[in-house]
Amino acid sequence: MIGVAGCGRMGGPMLEALRDGGARAIGFDVVEKNAPYIAQNLMAFAPDLDTLFSVVRDADETDALLFGTQNLIKTAPKLTRIFICSTLSPRYVRDLRTRIPAHITLIDAPMSGAQVAAENRTLSFMLGGDQSDIDDAIPLLAMMGQYFHHMGAYGAGMQAKVLNNLLAASHTAMTRLVLDWADTAGLATDKLLALIATSSGQNWLASGFDTIEFARDGHAADNTIGILVKDVAAALDSAPKGADLALPETVQAAIRALKPRV
């Protein structure tokens with residue numbers, strides 16, 4: 001049995017993709033979902049679980065899932081493979097290998113593309129793990145995604161993801177600033193975004209502004225902008241010793257200060 005833990009904006013569509021692809025898959029979420037194949041009862045999820053996709057919010061929820069409240073390491077006796085899909089500190093992810101029994105294969109598999117890519121099954125996965133484990137995983141991942149980047153040994157996928165998200169955060173902060181300044185200058189948003197898409201300022205958020213679900217959101221602790229603040233923190237936690245953190249910390253502060261854009 002394949003399980004997806006954390007059936008929110010990303011995990012929910014990922015679960016749908018697995019089921020549509022013919023996989024025997026169920027979900028688990030602490031929040032009730034309107035789907036009979038997403039359980040709140042751990043005993044409806046854990047006993048037959050052999051492959052887990054962890055798509056929970058952060059390190060605390062990952063700890064609860066694996067070792068604490070849900071304790072799948074003990075409550076899922078058939079568990080042999082875990083995909084860590086949440087964006088977490090690479091230091092934390094590497095340490096999981098020392099905390100999880102050796103017979104359980106660990107693959108870090110954070111993904112990019114936002115909810116729209118999860119729904120369209122075009123996610124980009126950044127993967128860390130042994131080559132044979134990655135090769136075995138690709139057919140399953142291909143039900144949910146389109147791009148698969150094996151970055152190296154276990155932990156390398158997460159390192160790549162936090163660096164990618166640090167860049168995405170900077171694009172988000174600056175694109176929103178540019179659009180605010182354009183409003184003051186009387187420039188039409190649609191015309192400016194069309195210009196950016198074909199000019200040197202092109203970036204992912206600007207190009208997908210009308211399809212990325214959080215593009216206009218302000219910061220809140222429980223939304224994707226809030227998660228982006230957490231992702232920058234994960235990148236900062238993995239910064240090289242002695243690195244100048246002023247620029248990423250400024251980006252993080254700008255993301256935290258975002259207000260909704262009508």
**Q.** Close side-chain approach of Q70 and T75, heavy atoms under 4.5 Å
**A.** no
Q) Under 3.5 Å, is there a donor-acceptor pair between the side chain of N120 and the main chain of V116? A) yes
Q.
Is there a continuous path of hydrophobic side-chain contacts, each under 4.5 Å between heavy atoms, that joins I82 to I138?
A. no
Q: Could you state whether I84 and L65 fall into the same hydrophobic cluster, counting links through intermediate Ile, Leu, Val, Met, Phe, Trp or Tyr residues with side-chain heavy atoms under 4.5 angstrom apart?
A: yes
(Q) Between D231 and L88, is the side chain to side chain contact (heavy atoms under 4.5 Å, CB included) condition met? List the steps. (A) CA-CA 7 Å; D231 292 352; L88 306 168; over 6 Å; no
Q. If every non-hydrogen atom of A173 is compared with every non-hydrogen atom of A254, which pair is closest and at what distance?
A. CB-CB, 3.9 Å
**Q.** Distance-minimising heavy-atom pair for M111 and M14
**A.** CE-SD, 3.6 Å
Q. So, does D130 use its side chain to make a donor-acceptor pair with the main chain of D133 at under 3.5 Å?
A. no
**Q.** Point-to-point distance, once rounded to the nearest 0.5 Å, from CD1 of I104 to CZ of R97
**A.** 7.5 Å
Q. Run the side-chain hydrogen bond (donor to acceptor under 3.5 Å, both in side chains) check on D58 and S86 step by step: do they pass?
A. CA-CA 7 Å; D58 53 26; S86 312; over 6 Å; no
Q: Taking the side chain as every heavy atom from C-beta outward, state whether I227 and T87 have any atom pair closer than 4.5 Å.
A: no
(Q) Measuring from atom CG of D210 to atom CG of L193, what distance do you get when rounded to the nearest 0.5 angstrom? (A) 6.5 Å
Q) Is there a donor-acceptor contact under 3.5 Å linking the side chains of Y92 and D63? A) yes
Q. How many angstroms lie between atom CG of L247 and atom OG of S170, to the nearest 0.5 angstrom?
A. 7.5 Å
Q) Is L205 linked to V229 within one hydrophobic cluster, defined over Ile, Leu, Val, Met, Phe, Trp and Tyr using a side-chain heavy-atom separation of less than 4.5 Å? A) yes
Q) Is it true that a side-chain atom of D29 and a backbone atom of C7 form a donor plus acceptor pair closer than 3.5 Å? A) yes
Q.
So, taking the atom named OG1 in T69 and the one named CG in D60, what distance separates them when rounded to the nearest 0.5 Å?
A. 10.5 Å
Q: Report the C-alpha distance between K161 and H149 in whole Å, list the side-chain angles of each, state the deciding distance to 0.1 Å, and finish with yes or no for side chain to side chain contact (heavy atoms under 4.5 Å, CB included).
A: CA-CA 10 Å; K161 176 62 190 300; H149 305 278; over 6 Å; no
Q) Of the non-hydrogen atoms in H219 and I255, which two are nearest, and what is the gap between them? A) CB-O, 3.7 Å
Q: Could you walk me through whether R94 and Q159 pass side chain to side chain contact (heavy atoms under 4.5 Å, CB included), step by step?
A: CA-CA 10 Å; R94 288 191 295 268; Q159 184 67 63; 4.0 Å; yes
(Q) When you compare the side chains of T98 and D95, does any donor N or O come within less than 3.5 Å of an acceptor on the partner? (A) yes
Q: Without swapping roles, check the side chain of K33 against the backbone of A39 for a donor-acceptor pair under 3.5 Å.
A: no
Q. Any side-chain heavy atom of I100 sitting closer than 4.5 Å to one from L106?
A. yes
Q.
Donor-acceptor check, side chain of Y147 to backbone of S112, threshold 3.5 angstrom: yes or no?
A. no
Q. Do the side-chain N and O atoms of S207 and Q202 include a donor-acceptor pair separated by under 3.5 angstrom?
A. yes
Q: Look at the side chain of N223 and the backbone N and O of G226, then say whether any donor-acceptor pair between them is shorter than 3.5 Å.
A: yes
**Q.** Qualifying residue, where the test is side-chain contact (heavy atoms from CB on, under 4.5 Å) with L18 and the options are I26, L140, L141
**A.** L140
Q.
Check this for me: does any side-chain nitrogen of one of D48 and K78 sit under 4.0 Å from a carboxylate oxygen of the other?
A. yes
(Q) Given 3.5 Å as the limit, does a donor-acceptor pair link the side chain of R81 with the main chain of T51, or not? (A) no
(Q) Strictly distance-based, threshold 3.5 Å: is any side-chain N or O of D108 a donor or acceptor partner for the main-chain N or O of G155? (A) yes
Q: Give the cluster check for V30 versus I73: same hydrophobic cluster or not, with ILVMFWY residues linked at side-chain heavy-atom distances below 4.5 Å.
A: yes
Q. Taking only residues at least two apart or on different chains, which pairs with a member in residues 169-186 satisfy salt bridge (charged side-chain N to carboxylate O under 4.0 Å, His left out)?
A. D180-R261, D183-R261
Q. Step by step, would you call F45 with L72 a side chain to side chain contact (heavy atoms under 4.5 Å, CB included)?
A. CA-CA 10 Å; F45 180 75; L72 289 179; 4.0 Å; yes
Q: Can you see which heavy atom on S238 is nearest to which on V162, and at what distance?
A: OG-CG2, 3.8 Å
Q: Nearest 0.5 Å please: distance from the OG1 atom of T224 over to the CD1 atom of I212.
A: 10.5 Å
Q: Locate the shortest heavy-atom distance separating E213 from A114; write the atom from each residue and the value.
A: OE1-CB, 3.8 Å
Q: Working to the nearest 0.5 Å, report the span between CE of M126 and CE of M158.
A: 9.0 Å
Q) Do T105 and D136 touch side chain to side chain, with heavy atoms closer than 4.5 Å? A) no
Q.
Against F53, only a single residue in F125, F28, F83 fulfils ring pair (Phe, Tyr, Trp, His ring centres under 6.0 Å); can you say which?
A. F83
(Q) On a heavy-atom basis, which atom in M143 and which in A23 lie closest, and how many Å separate them? (A) SD-CB, 4.2 Å
**Q.** Q146-S124 side chain donor-acceptor pair, cut-off 3.5 Å
**A.** no
